[in-house]
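Just below is one structure, and these are the notes that go with it.
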Number of protein chains: 2
Amino acid sequence: MSALDNDQKRQPDILQDVARIFRANGFHGTTISVVSERTGLGKSSIYHHFGRGKSEMAQRSLDVVATFMEAMEATAGDTSVPTSARWEAVAKMLREYYENGQLGCLLAVFSLEDVPDELRARTKLLFDRWLAAMTLLCNPDQCDEADAQRFARHAVMMIQGGLVLSRAQSSGDAFEQALAEVASAVSDRS
Amino acid sequence: MSALDNDQKRQPDILQDVARIFRANGFHGTTISVVSERTGLGKSSIYHHFGRGKSEMAQRSLDVVATFMEAMEATAGDTSVPTSARWEAVAKMLREYYENGQLGCLLAVFSLEDVPDELRARTKLLFDRWLAAMTLLCNPDQCDEADAQRFARHAVMMIQGGLVLSRAQSSGDAFEQALAEVASAVSDRS
DNA sequence: AATTATGTACCGATCGTTCGGTACATAGTG
DNA sequence: CACTATGTACCGAACGATCGGTACATAATT
């Protein structure tokens, strides 16, 4: 190990910090000076990593979400595993990503706030992707496509609602109940 | 009709405008200049109506929510009406208040953003009040208290999730599905 | 006349962003 | 080897704009 990379912060870490700030404070609540404090970087140094400023920070944070959606899609669509086990794997990912309901959802805050059009558009697409991933948890023998889409919406709404309530109450109970309700909905269709 | 109230804006109308802006843009996304534009009032006029500034605007907006919660509590607890009809009355109120899922929830945006402590505390209390109101839709013969609280959380989470998804997709479909799912949950317990 | 409502002008602080420049590591050139 | 680029990572200082908020004079209503 060289002495170099020991002290400095790596690029992915910076992005993770930024994404986390957006998730906790929203778009308008995230200021460059807060990013500067939390990352330990000077204000101007941030513009070295995110050349187009705040909008690039938001976009790259959505990239992180997109990666998570891909992983969730792969897990939900792994037909070598029974449906209920697939959901349990997805639930585990969700618990980790949302830190048991303590950490907010980037898609939710960007949806509820008034954000620039480019962000709003990508947020919508990522929600569609999430919905598509959730339909993979439906057994095609048990339910038709419309039913699968209803289930996907049910799951995403449940999780989002659980996150909102958990944040409001500073307790992960609601989030955990939401996951449990989705689990029973999964077992109803498999 | 006097010439007075024709031209100028009435106090309750101003508050309604302000609350609507908070619901659409969030706390940090709501600026005094935007409030000035949307209400048509000059800056000093705004500070005449809300002496303590932005924090008072937010608090009084929460007052509006509190009034709505009271009304919902009364409707949900009107035992002279069968349970399913009570829910339908509540659903109607919700559709109106959230404008079929197009308009966001003040409690949700205040929960997801990083707002001053006084706002966060009141937001939490109002969520508790909402939950309490929803338990009134449970028939005490059919379910015990723990079950009623689970139902209340289910309902609130469903609605909040529906609002998030509806806003993201610019379509009231998710919100409507959420209301329908709560309706069937109500009929399961009555 | 007193009270309420509004407009003009202004304030310090902070916003997102850019500027000019430093430190250092690597790559090419003589 | 010495020497000059070139690139990466960072910083403090400052920019114009906007933030939330105030002071004060004026107009309207009671």
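Rounded to whole angstrom, the span from the OH atom of Tyr47(B) across to the P atom of dG21(D) amounts to 4 Å. If you measure from atom CG of Leu41(A) to atom P of dA23(C), you get 18 Å, rounded to the nearest angstrom. We find that NE2 of His28(B) is positioned 16 Å from C1' of dT18(D), with the value rounded to whole Å. Going from atom CZ of Phe50(A) over to atom C1' of dT18(C) covers 18 Å, rounded to whole Å. Rounded to an integer number of Å, the gap from CD1 of Ile32(B) to P of dG21(D) is 6 Å. Regarding Lys54(B), its NZ atom lies at a distance of 13 Å from the C1' atom of dT14(C), rounded to whole Å. When the P atom of dC19(C) is taken as reference, atom CD1 of Ile46(A) falls 17 Å away, rounded to whole Å.
Relative ring orientation between Tyr98(A) and Trp130(A) is described as parallel, the plane-to-plane angle staying below 30° on a 0-90° scale split at 30° and 60°.
At a threshold of 4.0 Å, the pair Glu113(B)-Arg167(A) does not count as salt-bridged, since none of the basic side-chain nitrogens sits closer than that to a carboxylate oxygen.
Contact annotation: Ser33(A) reaches the phosphate of dC15(C) (side-chain N/O to OP1 or OP2, under 4.0 Å). Dashed line: the shortest gap from a side-chain N or O of Thr31(B) to OP1 or OP2 of dC19(D) is under 4.0 Å. The phosphate of dG7(C) (OP1 or OP2) has a side-chain N or O of Ser45(B) nearer than 4.0 angstrom. Checking the phosphate oxygens (OP1, OP2) of dC10(D), no side-chain nitrogen or oxygen of His48(A) falls inside 4.0 Å. For His49(B) and dT6(C), the shortest distance from a side-chain N or O to OP1 or OP2 is below 4.0 Å.
At the heavy-atom level, Thr30(A) lies under 4.0 Å from the strands shown only through sugar-phosphate atoms.
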task = Evaluate side-chain contact (heavy atoms from CB on, under 4.5 Å) for Phe175(A) paired with Leu163(A), printing each intermediate quantity in order.
result = CA-CA 6 Å; Phe175(A) 180 65; Leu163(A) 287 171; 3.7 Å; yes

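For the pair Ser55(A) and Lys43(B), nearest-nucleotide mapping onto DNA chain C gives the more 5' position to Lys43(B).
Counted by atom type alone, Glu181(A) and His154(B) present one or more donor-acceptor pairs between their side chains at under 3.5 Å.
With Phe27(A) as the aromatic partner, Lys54(A) meets the cation-pi criteria of under 6.0 angstrom to the ring centre and within 45 degrees of the ring axis.
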